[in-house]
Structures are given as C-alpha cells and as structure tokens.
*Asks:* 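To start, I am sharing the structure in question, which I have written as structure tokens.
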Amino acid sequence: MERPALRRLVRDIADTDDEEISCDECFDLVSEYVDLEIAGAVGDRVLPRFQQHLRQCGVCREEYEILCDLARLEAEGNLPRLPA
Amino acid sequence: MKARTNAEWLIALKSDGHAQATALSDLRVYLLRAALYALYRRRGTLRDFAPTDIKQLAEDCAQDALSAILKHLDQFRGDSRFTTWAYKFAVNAALVAARRERWGRVPLDRLLDSPDLVERFGSFRDASSDPQRGALQREILEALRQAIETCLTKRQRQALTAVVFEEVPLDELARYWGSNRNALYKVLHDARRKLKAHLSERGFDAKEVLDVLGNDG
C-alpha cells in the first residue's frame with residue numbers, strides 16, 4: 001500500500017468529527033473566511049468547522065486557496081490584467 | 001472600471017437600465033479575470049489548451065458564474081467584499097472545468113473496480129525499525145482492515161479508494177456516479193466515522209493511531 005495514502009487516510013480518520021459541514025456550507029462561508037484572513041482577523045472569529053472541512057475536502061481546499069490568492073492580489077492592487 | 005461598495009453593487013445589479021447594464025458588464029470583467037487566474041493556476045491540467053482555448057473556457061466559466069451570482073444575489077449577506085463573494089463562483093466554475101478536463105479521460109470504472117481497499121491493506125508492510133512500534137502498527141492496520149471489510153459498504157470503500165488513494169476529485173467521482181459533491185462528502189464522512197468508531201471500540205484512540213501510522217517512521 002502507498003504509505004502517503006495510508007497516512008492521509010489515518011489523518012482523515014483521526015480528524016473526523018461527528019458533525020461536519022457540507023461542501024455547500026463550506027462554499028457559503030469561504031468568502032467571509034478569506035476576507036477575515038486577509039484582514040488578519042481570523043483569530044478574532046475562528047470558524048473551526050470550516051477549517052476542519054478544508055482539511056478533509058481537497059476540492060474545497062483547492063478553491064479556497066485560489067480564492068485567497070485572488071482576493072489578496074486584488075486587495076494589493078496586483079490582480080493580473082486581462083490579456084488583449 | 002468604477003470601484004463600488006457592496007451596497008452600490010447590489011443596488012446597481014438589482015436596478016434596471018443603464019446602471020444595471022454597466023454593473024453587469026463590470027462584473028463580467030471581474031469574473032473573467034478570476035476564471036482566467038484560476039485556470040492559469042491549473043495550467044498543468046490544461047496542457048492541450050492553447051491560450052485562446054483557455055480564454056474561451058474562462059469566458060464560459062465567467063458566464064456560468066454570472067448566472068449563478070444573479071440567481072443567488074439575495075443570499076449575499078455582506079459578510080465579505082462583494083467581489084470576493086462573486087469570485088468564488090468563478091473560481092468554482094473554473095476549477096470544476098479544469099478537473100473535468102484532467103479526469104474526463106480517466107476510466108474511473110477500471111480504477112474503482114480494482115484493487116479493493118481491503119486487498120490494498122493486505123499489501124501493506126510496517127516500516128518501523130522498532131519491534132514494539134512495528135507490532136502496534138500491525139495491530140492497528142489489522143483493526144483498520146477489518147473495519148473496512150466489515151463496517152463499510154462497497155460504495156464507501158470505492159469512494160475512499162478513489163478519493164484518498166487515487167486522489168480523484170470529489171466532484172469528478174460524484175459526476176461519474178450521477179451524484180453531487182455534498183452527497184459524496186457525506187458518504188466519505190460516514191465511512192470515516194465508522195472507521196474511527198471501530199478503532200475506538202478496539203481500544204485505539206485517534207491520537208495513538210495518528211502517532212503510530214500518521215507520521216513518518
């Protein structure tokens with residue numbers, strides 16, 4: 001068996017909660033979380049169930065990471081321009 | 001392009017005439033930019049795409065995102081910038097499209113059929129040089145193998161194999177099964193809960209399992 005995959009499975013099992021939010025609920029929260037993170041305010045209002053979902057769900061995590069980079073670039077005024 | 005507050009976006013998009021047309025046109029530009037950014041970040045999965053193909057795909061994603069935004073406009077609560085809220089629809093559309101491009105040609109039926117997760121567990125050998133730790137690894141692995149064999153449904157085993165071991169994206173497996181992301185996440189969540197409960201019944205707590213199998217060594 002592939003050891004990294006086994007490690008992933010074990011970590012996912014250990015990190016399992018009885019109640020977890022769905023991908024739709026994660027999508028609902030992600031923009032709020034990203035803006036809190038950019039404002040450095042995530043410590044003031046942690047969303048633990050959102051963070052737990054991101055650890056468990058690769059597709060939601062991928063979308064969160066790109067949204068985060070995009071929102072940060074926009075906040076810095078560095079969003080890439082559209083190609084002609 | 002005019003910078004707008006959240007309230008200005010909402011008023012303009014819900015109005016009619018020139019103000020709405022301008023807001024829609026501006027929003028489309030924002031969404032196109034977001035979709036292009038997301039697609040270029042996943043350029044590796046779009047190797048066969050020329051820049052013009054990527055731009056076309058981004059335009060389709062931006063259009064899909066715009067339709068979704070207009071449908072969900074009343075759900076915007078103002079707890080983020082409007083543009084961040086809007087971008088998530090474009091990022092989602094772009095990444096779903098990129099994943100479909102990457103996985104659409106992979107025969108998931110073959111991947112799901114073999115080998116089963118129980119067989120995969122049979123092939124695992126502990127790697128610890130410490131005999132005591134090695135024995136504990138074997139014990140936990142056997143408990144896990146049993147739990148997978150006796151507690152999980154075939155669908156749960158297939159979902160775990162595909163998503164955790166083969167790294168098939170959730171939405172692509174859901175699409176293949178004619179399901180959706182939420183439902184498949186629940187299949188996996190139920191499977192993980194059963195495995196965790198079984199290990200706990202056998203006297204292994206999550207922290208111990210993680211310590212023995214979740215880290216290197």
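Throughout, a chain's letter reflects where its sequence line sits, starting with A, and its residues are numbered from 1. Keep in mind it's a predicted model, so treat the numbers as computed, not measured.
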*Asks:* Under a 4.5 Å cutoff for heavy-atom pairs, which residue among S80(B), A34(B), P169(B), A58(B) has the most contacts with chain A?
*Replies:* S80(B)
*Asks:* Return the option, out of N92(B), L170(B), V29(B), L160(B), with the maximum number of heavy-atom pairs under 4.5 Å with chain A.
*Replies:* N92(B)
*Asks:* After noting the C-alpha distance and the side-chain angles of T45(B) and R102(B), does the key distance pass the side-chain hydrogen bond (donor to acceptor under 3.5 Å, both in side chains) rule?
*Replies:* CA-CA 5 Å; T45(B) 64; R102(B) 157 74 179 85; over 6 Å; no
*Asks:* What part of L32(B) lies closer than 4.5 angstrom to a heavy atom of chain A: side chain, backbone, both or neither?
*Replies:* both
*Asks:* Identify which of A75(A), G58(A), A39(A), C60(A) forms the greatest number of heavy-atom pairs closer than 4.5 Å to chain B.
*Replies:* C60(A)
*Asks:* Does any heavy atom of chain B fall under 4.5 Å from the side chain of E74(A), the backbone, both, or neither of them?
*Replies:* side chain
*Asks:* With salt bridge (charged side-chain N to carboxylate O under 4.0 Å, His left out) as the test, would you mind laying out the steps for D171(B) and R181(B) before giving the verdict?
*Replies:* CA-CA 5 Å; D171(B) 41 6; R181(B) 201 149 133 175; 3.4 Å; yes
*Asks:* Taking R41(B), H72(B), K88(B) one by one, which has the highest count of heavy-atom pairs under 4.5 Å against chain A?
*Replies:* K88(B)
*Asks:* Quick one: are S22(A) and H189(B) in side-chain contact, heavy atoms under 4.5 Å?
*Replies:* no
*Asks:* Given R192(B), which of D12(A), D15(A), T16(A) fulfils the side-chain hydrogen bond (donor to acceptor under 3.5 Å, both in side chains) condition?
*Replies:* T16(A)
*Asks:* If you take the centroid of each ring, where Trp contributes its six-membered ring, are Y37(B) and Y87(B) closer together than 6.0 Å?
*Replies:* no
*Asks:* Are E142(B) and R138(B) ion-paired here, with the side-chain N under 4.0 Å from a carboxylate O?
*Replies:* no
*Asks:* Is the closest side-chain heavy-atom distance between S200(B) and D205(B) below 4.5 Å?
*Replies:* no
*Asks:* Between L73(A) and chain B, which part of the residue has a heavy atom less than 4.5 Å away: side chain, backbone, both or neither?
*Replies:* side chain
*Asks:* Heavy-atom distance under 4.5 Å to chain A: side chain of E167(B), backbone, both or neither?
*Replies:* side chain
*Asks:* Okay, side chain of D53(B), backbone of A50(B): is any donor-acceptor separation there less than 3.5 Å?
*Replies:* yes
*Asks:* So for L184(B), is it side chain, backbone, both, or neither that comes closer than 4.5 Å to the heavy atoms of chain A?
*Replies:* neither
*Asks:* Can you say whether the rings of W9(B) and Y30(B) are parallel (under 30°), tilted (30 to 60°) or perpendicular (over 60°)?
*Replies:* perpendicular
*Asks:* Of the backbone (N, CA, C, O) and the side chain (C-beta and beyond), which part of Y64(A) lies under 4.5 Å from a heavy atom of chain B, both, or neither?
*Replies:* neither
*Asks:* Is V59(A) in contact with chain B via its backbone, its side chain, both, or neither, using a 4.5 Å heavy-atom distance?
*Replies:* both
*Asks:* Side chain, backbone, both or neither: which part of C26(A) has a heavy atom under 4.5 Å from chain B?
*Replies:* neither
*Asks:* Pick whichever of R33(B), R193(B), R99(B) has the most heavy-atom pairs under 4.5 Å with chain A.
*Replies:* R99(B)
*Asks:* Any idea which of D190(B), V96(B), N182(B) has the most non-hydrogen atom pairs under 4.5 angstrom with chain A?
*Replies:* N182(B)
*Asks:* To the nearest 0.5 Å, how far apart are SG in C57(A) and CD in Q52(A)?
*Replies:* 10.5 Å
*Asks:* Among the options R8(A), E20(A), Q56(A), pick out the one with the most heavy-atom pairs lying under 4.5 Å from chain B.
*Replies:* E20(A)
